[in-house]
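Worksheet for the structure shown next.
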Amino acid sequence: MSVRPVRGTVDLFPEEFRRHSRVIDAARGLANVYGYGEIQTPIFEFTEVFARTLGDVSDVVTKEMYTFEDRGGERITLRPENTAGVARAFISAKLQNDLPLKYFYAGPMFRYERPQKGRQRQFHQIGVELFGVPGPSGDVEVIALAAQILDQLEMLQHCVLNLNTLGDTESRQAYRTALVEYFSDYKARLSDDSVARLEKNPLRILDSKDQSDKEIVNRAPSFDGYLTASASEFFSAVREGLDDLGIAYELNPRLVRGLDYYCHTAFEFVTDALGAQGTVIGGGRYDGLIGMMGGPETPGVGWAGGIERLAMLAEQTLPKLELPSPIALIPIGGVAERALKKYAFSLRAKGIPTDIAFSGNLKRRMQRAGRMGAKVAVIVGDDELQAKKATLRDMDTGAQEEVMLDNLVERLVEL
RNA sequence: GUGCCCAUAGCUCAGUUGGUUAGAGCGCCUGGUUGUGGUCCAGGAGGUCGCCGGUUCAAAUCCGGUUGGGCACCCCA
């Protein structure tokens, strides 16, 4: 039997999981403040849910999905992202009369990718979806929520908000045609990757990091000239909204999305503190998605954030995580142990972190108390039991005092 | 999927042009203290050198493959 975890997966032991938790807790807390209730959709869906919506040219669908046939012969896929799942849930429950709707989620996602720092095959995302708000205030709200979460994690100042518009369908169609026309002239000088993108997703060429591609890209037609008046107006309103809130951003015309259902606003919070995988939160508007899935035409806007990446950044920005130091109960002998278990029970009922070791002599239990960072140890042996007292030891100073057992819980609550 | 780099004790690492029983620090265990941790002192356990094969009288060291990891590309969160 192989005892190692599957490539690209990790075990999150408590210390590491706490780093995740504080990211999730901050996000969930603020999402609730904004009125985004938490939703949990299944981690697997019928394959079409993703295949249909993510586009059949996206890398996620063509080479990164965990797809299998279950015992009933259904084509199943482990979710590579959660927007499609939440949209499907919205359609399944026929919630179109309850708009607008706001959802927050946190959970595992699965993509068959080559693992590296900030990229695993099972990874975790937080995210929000806002359904039924067609105007730019929806975009502004979800971006504001993201910014405030980052701010609460004290990493907003280490991130740059990149902002772009993908326009409406009409704009994108026109621009796409113009790009294909332009790049086709340079086909011989483009990188192989970009030549392939010319057919599949010419917008992506704009994002190429290839040196000679970049030169060609620099002289490529810009989107501005192809934006319809209404798309342009929409984008201005988003920028105005962000300005009003004092949320800084940088316009990045090269910011495009790999997933086909995006339109209008695209944004990413990016940091340079994590190496190559610097996008910490990314999202945008996806007005066509729900209709494309067979639901009633419903606008949507949202984002997802990588918990592992956020947790890594938080390591740099937040103070070290400290565990509450427990009270260590240290019995000597079976009679004392029975007595102290009852005290542990009532201390814990009051929410006071309490440790009582299951075995070991006094020395070993003291060691354990020290290792756990206990601030006080309660020692009870035959001597103390007879006198109905306990010995309290201050683990920092070594000072000891005696307390009547009757007052023990009361005294410990004070500390 | 592509390129480059890496793999020695639980952890972080050293190991000379290939040469006898592979080392250090931290951690762990025992004792000094049969009712006192964290400090100190003394001692101890722990490694088929990732795995498979090859070269050689001899391989942790050289070569090939493989698995895992890191970085970049790709892609994205």
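Order of the sequence lines fixes the chain letters, A, B, ..., with proteins taken first and strands second; residue numbering starts at 1 for each chain. These numbers were taken from a predicted model, which means no experiment stands behind them.
Taking the six-membered ring for Trp and thresholds of 30 and 60 degrees, A:Tyr226 and A:Tyr175 have ring planes inclined between 30 and 60 degrees apart.
A donor and an acceptor atom sit less than 3.5 Å apart, one in the side chain of A:Arg393 and one in the base of B:G37. Scanning atom types as modelled, one donor and one acceptor separated by under 3.5 angstrom connect the side chain of A:Arg114 and the base of B:U2. Side-chain to base pairing of A:Arg111 with B:C76: no donor and acceptor N or O lie closer than 3.5 Å to each other. Residue side chain A:Arg119 reaches the base of B:C74 through a donor-acceptor N/O pair under 3.5 Å, judged by distance alone.
Using a 4.0 Å heavy-atom criterion, one finds that A:Ile281 contacts the sugar-phosphate atoms exclusively. If you check every strand for non-hydrogen atoms under 4.0 Å, A:Gln400 touches a base. Counting non-hydrogen atoms under 4.0 angstrom, A:Glu308 reaches nothing in the nucleic acid. A:Gly127 comes within 4.0 angstrom of nothing in the nucleic acid, heavy atoms only. Within the 4.0 angstrom heavy-atom criterion, only backbone atoms of the sugar-phosphate kind lie near A:Ala304; the bases stay farther away. Within the 4.0 angstrom heavy-atom criterion, no nucleotide atom of any strand lies near A:Ile307. Across all strands, A:Gly283 comes closer than 4.0 Å to no nucleic acid atom at all (heavy-atom distances). Counting non-hydrogen atoms under 4.0 angstrom, A:Asp383 reaches a base of the nucleic acid.
Remark: of the listed residues A:Val413, A:Leu412, A:Asn407, A:Leu405, A:Val413 is the sole one forming a side-chain contact (heavy atoms from CB on, under 4.5 Å) with A:Val409.
The nucleotide whose nearest atom lies closest to any side-chain atom of A:Thr279 is, among B:G70, B:U36, B:C76, B:C76.
An OP1 or OP2 oxygen of B:C29 is reached within less than 4.0 angstrom by a side-chain nitrogen or oxygen of A:Arg364. Residue A:Gln116 places at least one side-chain N or O closer than 4.0 Å to OP1 or OP2 of B:A72. Here A:Arg79 does not reach the OP1 or OP2 of B:A77: none of its side-chain N or O atoms lies under 4.0 Å away.
Cation-pi check for A:Arg239 over A:Phe235 is met; the charged atom lies under 6.0 angstrom from the ring centroid and within 45 degrees of its normal. Geometrically, A:Arg79 does not engage A:Phe110 in a cation-pi contact, judged by NZ or CZ lying under 6.0 Å from the ring centre and within 45° of the ring axis.
Mapping A:Gly275 and A:Thr9 onto RNA chain B by nearest heavy atom places A:Thr9 closer to the 5' end of the strand. Sequence order on RNA chain B of the closest nucleotides to A:Tyr112 and A:Gln367 puts A:Tyr112 first from the 5' end.
Annotation: B:A72 and B:G19 have their C1' atoms spaced 40 Å apart (nearest Å).
For the pair A:Lys375 (side chain) and A:Pro326 (backbone), a donor-acceptor distance under 3.5 Å is absent.
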